[in-house]
Structure formats: structure tokens, C-alpha cells
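Index from 1, following the sequence. Computed from heavy atoms alone, side chains included, the values below leave out hydrogens, waters and symmetry copies.
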Amino acid sequence: MLHDFASTDPVALESLPTATASVGPRGADAKLRRHAETPYADALERYVARGPVQLMVPGHGGTDRGISGPLAELLGERALQLDVPMLIDGLDLGENSPFDRALELAAEAWGARRTWFLTNGASQANRTAALAARGLGEHIVSQRSAHSSFSDGVLAAGLIPSFVFPSVDETHGMAHGVSPAALDEALTLAEREGRPASAVYVISPSYFGSVADVRGLSEVAHAHGAPLIVDGAWGPHFGFHPELPESPARLGADLVVSSTHKLAGSLTQSAMLHLGHGPFADRLEPLIERAFTMTASTSTSAILRASLDVARHALMTGEEQIGRSIEGAKRFRQMLRDDPRFAVVSDDFGRFDDIVATDLLRVPIDVSASGVSGHWLRQRLIDVDGIYFEMSTATSLVAVIGAGKTPDYDLVHRAMVKAVESDAAAIEREAHAAAGSFPALPAPGKLRMAPRDGFFAQTEVVPAEEAIGRVSADTLAAYPPGIPNLIPGEEITAETVAFLQAVAASPTGYVRGAVDAAVRTFRVTRTA
């Protein structure tokens, strides 16, 4: 059910309820007791406590002796001791191992039927999901603003995509999500054209904290006979506090990509993939298992695995700390609202029909009234104050607050004010005011061959004017808003060339995947 955005109170808009599934007091106590343990991390501790002599990989041997001294000085000997290989008795070998128990607890925590720990990031999850989806059929309907790792998976799996476009905030260069109505239209069109989707791929939340109607999207996908894959990379903390959106696995998503390190406290490059309880679970599970073996390392990091186990425990037992993070983020939002130089972008999310909630731990800040660009302000704060925002657009900054974290917002706000009042800001205001706006986002060209065929075809690089009407061999995406404007196999249009070159020429834009920074040339296929 879509939430009503009729209220003009910005605080009401950012507090849309999607609480975790309720359990009785006795059930809650039992659940907390289960999640008080960290079975894999504890087993790793026990292994280290034995003081093993390691005549095996990794080469540092778990000690600071010999040439491992500098590495131990950098990381500490403890990190070397914990860095053990796979297939160790008492850790992950055999059935019902501590690692198996850690996976079971993670599945319960996120409301999944089954969970996989990943040490190649959410990018591994996206490629795994694409390979698994190909086992259901070759056609997929995908949100056009999919992460490049999913596009890589599409190429590797040989999927043939059709697209549903997200809503785009043209003012701030932000791509959000898709509505159930838009997805239904895209799936119906695919069926009418004789290529019904075997799977659906959407993104929620967006990079900027906007949350889509996952339950509605799952109902639409299932009505068309397709499982729903949700790239929830930016929402690993969802479902762990009443004021946060619910975990997508509990809302009907069939497969959920979760970049646990982003806001949920595990180490960088660690992630999870969750299989939901929906009607496609029996078909998807063996496909995911097989695809997982193709994308996983055979030298999986024990440290990253342990960090996932510990992060799950922290989320399940840390509701009070997460609540403090939310209250702090709310206070930061109000601080920005009270300052005429700044505003909160999510206060305006109600005008987009695909957005039903906001992630309170993501604060997108409109810096337009300050007169400086978001890119300039972000770099200024890094250079002068050592304050790092997650990202910027020409008009905004985005702050990401880890679940359970409480940064010094007064310090951050003072630094922002000092930056925009500096002499350097006056110079930047003149340059920013002179920067032109981007042209309208062009429609994609016709898909003239399968993306995999376009990627692996014989190619040549030609001048932009000669590329019009040819077939792209590359994926090119202009930032902002980060939506792929070309994928392999698509026809290059004059409108797309003009758009990409305009973004590349802007001081606040760039084109990812281009042969050259100015997009004067394109890599095209020789065969079409």
C-alpha cells in the first residue's frame, strides 16, 4: 500500500512507518538470546587461542615474524592471526558448523529463507543474481539505473534486458526508484512484444535514501509470473528499528542484495545475499547456489566473514543505539532546515510517486542557496576540515550515517557554514553561476543485438559523428543522474551523443565508461 504524502510536514514525511515484524515478549526474548551469540566469530577466536602453527596458506603464517613484520605493524598481529583459510575444522568444515549457524542467524535477522555471506561485495551479489536469473529464462525487466555490477552480470549471463525507468529529480541529478504502476506497464509491454520477463530487477533504497514500494512491486512481478530481485545494497540496516523501513525480504522480495558494510557495520567488501520466502524460492535456491560458486573466491576472508557475523549481532541487539543514530540524524536535518543556506532534499520526496518512505540515516542536503556547487563544497570540507561526505551532485551533498553511529553534527554544520562564507566560496559562486544546465535525458536507442553479443563483438573506435546509427559495444552512463545512456547492443542516437558530450563538458559532470573524457569517440561493433 502506498503511503499518503498529503502532509506538508517534512518530519512526517521522513517518519513513514515500516516497522519490523512483531513477536510476543517471550518470542522476542528467545530471539535476543539466539542473536546474542556470534558463532563464527567465536569459533575464530577459539582457533586463534590455540596458538596454531600454520604450515599452510596464507603465507604470513598468522605471526609477525620474518618478513611479516611490516604487515603486522600496519594491521597488528591480531589481524594476521584471524586471517585463516577456508575449510578448517571447528570453523566452517562439515555440516552444522559455526559458519552454518552464523548463516542461519543472518537469514532469521533479515527475514530470509536463506542467506549467503559474500566477501566480494554487493557487486558479487549482483552478478550472482544475474546468473541465477538466467536459469529462469533469458528475458529480464530491469530498472535502467542498475549498478554496473548487475550490468556485468547481464553480460556474463547472456540476459536480454528491457527496461523500466526510475523517476529522476532533474534539479538535483538524482535517480530514485520505480512505482508498481510503472513496473506493471513495463512488464505488460514486454509480454505484448513476445518477450515476457523471467525476472524483475529494481533498486530500493536509492543512493539518496528514497525507498520504493517493495511490497507493491513484488505483487506486480508475481502477478506477471516473475520473481522480484531487489538491489537493497544501501539498505542493509532496514528492519532493525521501528523508524526504519522494513527488510525487503519481509515485504515479498524474492532475492535481496545487501551491502552490509555500507551502513550495517561490517568491514568493507563484505555483503550478503538473501533469498526470500516467496513462490520462486524453490526454483531460485539451487540456481543461486550454483551461481554463488562461480562468483565466490576459493580463498574467502575469514575476517570479512566474522565481521558479517558480528554486524548481524550488533543490529539485532542494538536497537537503542540505532535509535540514537536516528534521533541524531533528525536533529541534523532540523539544523539544516533552520539555516537559510541549506535544505533537506528528502523533504521534497513526496512529489515522486515511486517514493513511499525515506531512510533516516541518509541525509541528502540541498546546497543551492549557498551559491556553491555540491562538488566544490564536498572537496573543500575534505581539504580544510577532513570531513568526508559520501557523495555530491552539482546542487547537493549526501551524508551517510552508519547504524548505531552518532557523528558530531554541530562540528559538521559549523564547517559547512565556514566553507560557504570563505573567500574561496565567493570565487566558486561566480564559476558555479556560469555553469549551464544539462539537456533533457534522452530515450535509449533500439536494442539491435543481445548485450553479450555487442560486448564480445569485433569493435572499432570511431568519431562521435560517425557513431550515430552504429551499435555500442560499451556501457556509458552520464553522472548526473547515473542512468546508463548506452549499453552494449544498443543503437547510438544523435540525442544520446549530444547529451553525453554536454555532460562531459560540464564542470559538474562526467561520463563513466567513455573511451575518452570528452566523449569525442565511441567504441562500436563492426558487425552491425
Legend entry - Side-chain (N126) to main-chain (S149) donor-acceptor, under 3.5 angstrom: no

Inset, instruction - Report the residues that fulfil salt bridge (charged side-chain N to carboxylate O under 4.0 Å, His left out) with E185, sequence neighbours left out, ordered by chain and then residue number. - result: none

Inset, instruction - Have a look at T295 and tell me which of L273, T128, N120 forms a side-chain contact (heavy atoms from CB on, under 4.5 Å) with it. - result: T128

Inset, instruction - Check each of L336, V345, V344, L377 against I365 using the side-chain contact (heavy atoms from CB on, under 4.5 Å) test, and report the only one that passes. - result: L336

Inset, instruction - Would you sort out whether N485 and L441 count as a side-chain contact (heavy atoms from CB on, under 4.5 Å), showing the intermediate values? - result: CA-CA 8 Å; N485 306 103; L441 192 69; 3.7 Å; yes

Inset, instruction - Check side chain to side chain contact (heavy atoms under 4.5 Å, CB included) between A403 and all other residues, then give those that pass, not counting sequence neighbours. - result: H237, L315, I322, L361

Inset, instruction - Check the angle between the aromatic planes of Y409 and F332 and answer parallel, tilted or perpendicular using the 30° and 60° thresholds. - result: parallel

For residues 170-182, dump all side-chain donor-acceptor pairs below 3.5 Å to protein atoms at least two apart in sequence or in another chain.
residue: H172; atom: ND1; partner: T395; partner atom: OG1; Å: 2.6
residue: H176; atom: ND1; partner: S210; partner atom: OG; Å: 2.8
residue: S179; atom: OG; partner: A182; partner atom: N; Å: 3.1

Legend entry - Pair L381-R378, side-chain contact (heavy atoms from CB on, under 4.5 Å): steps then yes or no: CA-CA 5 Å; L381 290 169; R378 180 176 184 270; 5.9 Å; no

Inset, instruction - Report yes if some heavy atom in the side chain of Y201 is under 4.5 Å from a heavy atom in the side chain of V141; otherwise report no. - result: no

Inset, instruction - Would you check if there is a donor-acceptor pair between the side chains of S270 and H261 at a distance under 3.5 Å? - result: no

Inset, instruction - Mind listing the closest non-hydrogen atom pair of G111 and H277 along with its distance? - result: O-CD2, 3.4 Å

Under 3.5 Å, sequence neighbours excluded: what are the donor-acceptor pairs made by side chains of residues 150-168?
residue: S162; atom: OG; partner: R195; partner atom: NH1; Å: 3.1
residue: S167; atom: OG; partner: D354; partner atom: OD1; Å: 2.5
residue: S167; atom: OG; partner: D354; partner atom: OD2; Å: 3.4

Inset, instruction - Give, for atom CG of L217 and atom CG of D184, the distance between the pair rounded to the nearest 0.5 Å. - result: 10.5 Å

Legend entry - E243 and K330 ion-paired at < 4.0 Å: yes

Inset, instruction - Check side chain to side chain contact (heavy atoms under 4.5 Å, CB included) between H313 and all other residues, then give those that pass, not counting sequence neighbours. - result: T38, T317

Inset, instruction - Would you confirm whether S145, through its side chain, and I483, through its main-chain N or O, come within 3.5 Å as a donor-acceptor pair? - result: no

Legend entry - Residue pair R333 / S346, side-chain heavy-atom distance below 4.5 Å: yes

Inset, instruction - For the residue pair R305 and D92, establish whether any side-chain heavy-atom pair is separated by less than 4.5 Å. - result: yes

Legend entry - Any donor-acceptor N/O pair, R144 side chain to P484 backbone, under 3.5 Å: yes

Legend entry - R351/D169 ion pair, N-O < 4.0 Å: yes

Inset, instruction - Measure the spacing between CE of M391 and CG of L397 and express it to the nearest 0.5 Å. - result: 9.5 Å

Legend entry - Intermediate values then yes/no, side-chain contact (heavy atoms from CB on, under 4.5 Å), I382 and Q379: CA-CA 5 Å; I382 291 172; Q379 193 60 48; 4.1 Å; yes

Inset, instruction - Using the side-chain contact (heavy atoms from CB on, under 4.5 Å) rule, take R34 and E104 through it: C-alpha gap first, then chi angles, then the decisive distance, then the call. - result: CA-CA 11 Å; R34 287 195 301 277; E104 291 169 3; over 6 Å; no

Inset, instruction - Please check if any side-chain donor atom of D339 sits under 3.5 Å from a side-chain acceptor atom of H413, or the reverse. - result: yes

Inset, instruction - Please name the pair of heavy atoms, one in V230 and one in S204, separated by the smallest distance, quoted to 0.1 Å. - result: CG1-O, 3.7 Å

Legend entry - Q143 side chain vs I203 backbone, donor-acceptor pair below 3.5 Å: yes

Inset, instruction - Find out whether Q321 and T406 are in side-chain contact, i.e. whether some heavy atom of one side chain is under 4.5 Å from a heavy atom of the other. - result: no

Inset, instruction - List in chain and number order the residues that pass salt bridge (charged side-chain N to carboxylate O under 4.0 Å, His left out) with D366, two or more places apart in sequence or in another chain; answer none if no residue qualifies. - result: none

Inset, instruction - Apply salt bridge (charged side-chain N to carboxylate O under 4.0 Å, His left out) to D338 and list each qualifying residue two or more places apart in sequence or on a separate chain. - result: none

Inset, instruction - State yes or no: are the ring centers of F117 and F99 separated by less than 6.0 Å? - result: yes

Inset, instruction - Output all residues satisfying ring pair (Phe, Tyr, Trp, His ring centres under 6.0 Å) with H222, sequence neighbours left out; order by chain, then residue number. - result: F280

Inset, instruction - Might you point out which heavy atoms bring P236 and S258 nearest each other, and give the distance in Å? - result: CB-OG, 3.3 Å

Legend entry - Main-chain N/O of S396 paired to T393 side chain as donor or acceptor, under 3.5 Å: yes

Inset, instruction - Would you please name every residue forming a ring pair (Phe, Tyr, Trp, His ring centres under 6.0 Å) with W110, sequence neighbours left out? - result: F240, H274

Legend entry - side chain to side chain contact (heavy atoms under 4.5 Å, CB included) partners of P286, counting only residues at least two apart: none

Inset, instruction - Supply the atom-to-atom distance L183 CG to T188 OG1, rounded to the nearest 0.5 angstrom. - result: 9.0 Å

Legend entry - Q269 side-chain N/O to T119 backbone N/O, donor-acceptor pair under 3.5 Å: yes

Inset, instruction - Could I get the full list of salt bridge (charged side-chain N to carboxylate O under 4.0 Å, His left out) partners for R380, not counting sequence neighbours? - result: none

Legend entry - N/O donor-acceptor pair under 3.5 Å between R113 side chain and D254 backbone: no

Inset, instruction - Please examine the side chains of V211 and F349, heavy atoms only from C-beta on, and report whether any two atoms are closer than 4.5 Å. - result: no

Legend entry - Taking every non-hydrogen atom, the tightest pair across V214 and L228: O-CD2, 3.9 Å

Inset, instruction - To the nearest 0.5 Å, tell me how far R312 CZ sits from L103 CG. - result: 10.5 Å

Legend entry - Side-chain (T475) to main-chain (I487) donor-acceptor, under 3.5 angstrom: no

Inset, instruction - Could you list the residues that satisfy ring pair (Phe, Tyr, Trp, His ring centres under 6.0 Å) with Y207, not counting sequence neighbours? - result: W234

Legend entry - Shortest non-hydrogen separation from P245 to A357 and the atoms involved: CG-CB, 4.4 Å

Inset, instruction - Kindly give the heavy-atom pair with the smallest separation between H147 and S123, and that separation in Å. - result: CE1-OG, 3.9 Å

Legend entry - Student check: side-chain heavy atoms of P407 and I401 closer than 4.5 Å: yes

Legend entry - E327/R331 ion pair, N-O < 4.0 Å: no

Inset, instruction - Report yes if some heavy atom in the side chain of K31 is under 4.5 Å from a heavy atom in the side chain of M316; otherwise report no. - result: yes

Inset, instruction - Taking the side chain as every heavy atom from C-beta outward, state whether L284 and L136 have any pair of such atoms under 4.5 Å apart. - result: yes

Inset, instruction - Could you give me the CA-CA distance, side-chain angles and deciding distance for E246 and R215, then say whether salt bridge (Lys or Arg N to Asp or Glu O under 4.0 Å) is met? - result: CA-CA 10 Å; E246 180 57 283; R215 190 177 297 283; over 6 Å; no

